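Keep in mind that this is a model prediction, so the values were computed, not measured.
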Amino acid sequence: MELRRTLRPAAAITTVALTLGLTACGGSTESAPVGDSDAGSSGAAAEETLPITVARGGVNFENAVLAEDQGYFEEVGLDIGEMQLTGMGGAAANSSVISGEFDVAATDAVTVIRAAAEGMPVVAVAGTKSADPDYEGEVSDGVIVPPGSDIKEWSDLAGTKIGVPELGGLPHMATVTGLLENGVDLDSVEFVPLPTDALVESAAKGQVDAVFTFSIFLLSAVDNGFTRVGTGVREYLPNAPQVLWVASKQFAEENPEALERFHTAIEKGTEYANENEDAVREAYHEHTELPAAFIDERMSMEPLNVEFDEEGWNTLLQVMKDESDLREDLTYEEIVWEGAR
């Protein structure tokens with residue numbers, strides 16, 4: 001296939017890299033009074049429509065896009081207007097729900113945890129993707145090394161430079177956990193933060209010895225001779241949350257009915273996405289600049305999950321507490337909205 005002919009993804013992928021971090025924007029609205037509608041049921045539409053602004057991310061957005069396409073938001077009695085997407089990262093998305101710029105936004109688990117630890121009033125209200133340890137398909141994230149590398153297993157990473165998308169992010173935490181569990185002294189390893197679209201090229205040029213990357217960057221690199229070390233986040237942080245939806249605590253307290261309906265619609269969208277691979281691929285054709293050949297032939301169809309796994313959250317929380325200055329008293333209950341537990 002065409003992707004095998006080039007070590008670095010096509011130029012369009014550089015543009016895609018700007019949105020592979022979860023990004024979003026929108027506007028806040030006042031919630032209308034709620035009647036005795038049965039919004040949580042899967043059948044009848046709610047008696048009174050509630051407005052809510054939704055901002056999706058640049059990837060793992062299929063549950064929201066397909067929920068909109070299939071009319072699930074309307075079915076549960078939500079008016080989401082036009083779903084938004086911008087170039088903001090997860091931390092900016094957290095700040096924007098607090099400011100009321102939008103009501104619900106896609107972000108990543110690590111930035112939500114850090115925001116909560118710092119006292120920012122945000123809560124996770126629904127899941128999108130978790131590190132499923134039982135997934136049997138090809139994994140699209142993890143540590144890889146360039147062709148000809150002597151690194152074959154985790155223990156070989158002692159004394160190396162490892163490129164990661166962000167210090168303190170989920171890839172970094174998963175790599176740290178893998179190293180520790182395989183007896184590697186962390187003081188012997190240098191982590192190098194690099195732009196997502198520069199990771200593979202940096203390893204190919206010998207600027208770093210290994211990189212943790214994901215999606216098209218990892219899969220196209222593997223097609224061109226890179227080899228894997230381990231199997232990604234799911235190997236050392238099983239069931240840890242990765243991508244999710246966040247709202248401000250104030251919105252959650254004042255609009256529980258709207259969030260319950262949102263959770264229901266996203267759950268239906270998730271089920272539809274997991275059962276309709278062609279619809280997911282079409283959504284990526286329509287909403288990203290990923291190469292068509294990658295979407296049709298190479299993109300991993302890892303399952304999404306709207307539900308949270310408390311043990312997975314606690315595993316990630318403990319790793320972050322061990323490896324950073326995260327406060328020890330931070331709990332799952334403090335981070336996750338009660339309607340999503």
Checking [X] side chain against [Y] main chain: does a donor-acceptor pair fall under 3.5 Å?
X      : Y      : answer
Asn239 : Asp132 : no
Ser99  : Ser96  : yes
Asp309 : Gly312 : yes
Asp185 : Ala158 : no
Thr270 : Ile266 : yes
Ser215 : Phe217 : no
Glu201 : Leu199 : no
Asn182 : Leu179 : no
Arg261 : Leu78  : no
Thr160 : Ile162 : no

For a quick test of reading the model, state the closest non-hydrogen atom pair linking [X] to [Y] and the distance between them.
X      : Y      : result
Pro146 : Ala203 : CG-O, 3.6 Å
Ile216 : Pro291 : CD1-CD, 3.6 Å
Ala115 : Val122 : CB-CG2, 3.9 Å
Tyr236 : Pro238 : C-CD, 3.3 Å

Salt-bridge criterion met for [X] and [Y] (N-O under 4.0 Å):
X      : Y      : answer
Glu253 : Lys249 : no
Glu334 : Arg327 : yes
Glu118 : Arg114 : no
Arg234 : Glu302 : yes
Arg298 : Glu138 : yes

Student check: side-chain heavy atoms of [X] and [Y] closer than 4.5 Å:
X      : Y      : result
Leu219 : Phe294 : yes
Thr213 : Val164 : no
Val104 : Phe262 : yes
Glu166 : Val110 : no
Tyr284 : Glu62  : yes
Ile144 : Val229 : no
Val145 : Lys152 : no
Glu333 : Arg341 : yes

Item checked: CG on Leu259 to CG on Asp103, rounded to 0.5 Å -> 8.5 Å

Note to self: Can you tell me how far apart CG (Asp141) and NZ (Lys129) are? Round to the nearest 0.5 Å.
What the structure shows: 6.0 Å

Margin query: Run the side-chain hydrogen bond (donor to acceptor under 3.5 Å, both in side chains) test on Gln250 and Ser248 for me, step by step, so that the C-alpha distance in whole Å, both residues' side-chain angles and the decisive distance to 0.1 Å come before the verdict.
Written below: CA-CA 5 Å; Gln250 180 178 349; Ser248 70; 5.6 Å; no

Are the ring centres of [X] and [Y] closer than 6.0 Å?
X      : Y      : result
Phe191 : His172 : yes
Tyr332 : Phe308 : no
Trp337 : Phe251 : no

Note to self: Evaluate Gln318 against Asp322 for side-chain hydrogen bond (donor to acceptor under 3.5 Å, both in side chains), listing each step before the verdict.
What the structure shows: CA-CA 6 Å; Gln318 191 57 55; Asp322 291 342; 3.0 Å; yes

Can you confirm whether more than 12 heavy atoms, excluding those of [X], are under 6.0 Å from its [atom1] atom?
X      : atom1 : result
Lys321 : NZ    : yes
Glu311 : CD    : no
Asp150 : CG    : no

Notebook entry, point to check: Any idea how Tyr272 and Tyr72 line up, ring-wise: parallel (<30°), tilted (30 to 60°), or perpendicular (>60°)?
Noted result: perpendicular

Margin query: Using the rule side chain to side chain contact (heavy atoms under 4.5 Å, CB included), only one of Val233, Thr128, Asp108 pairs with Gln242; which is it?
Written below: Val233

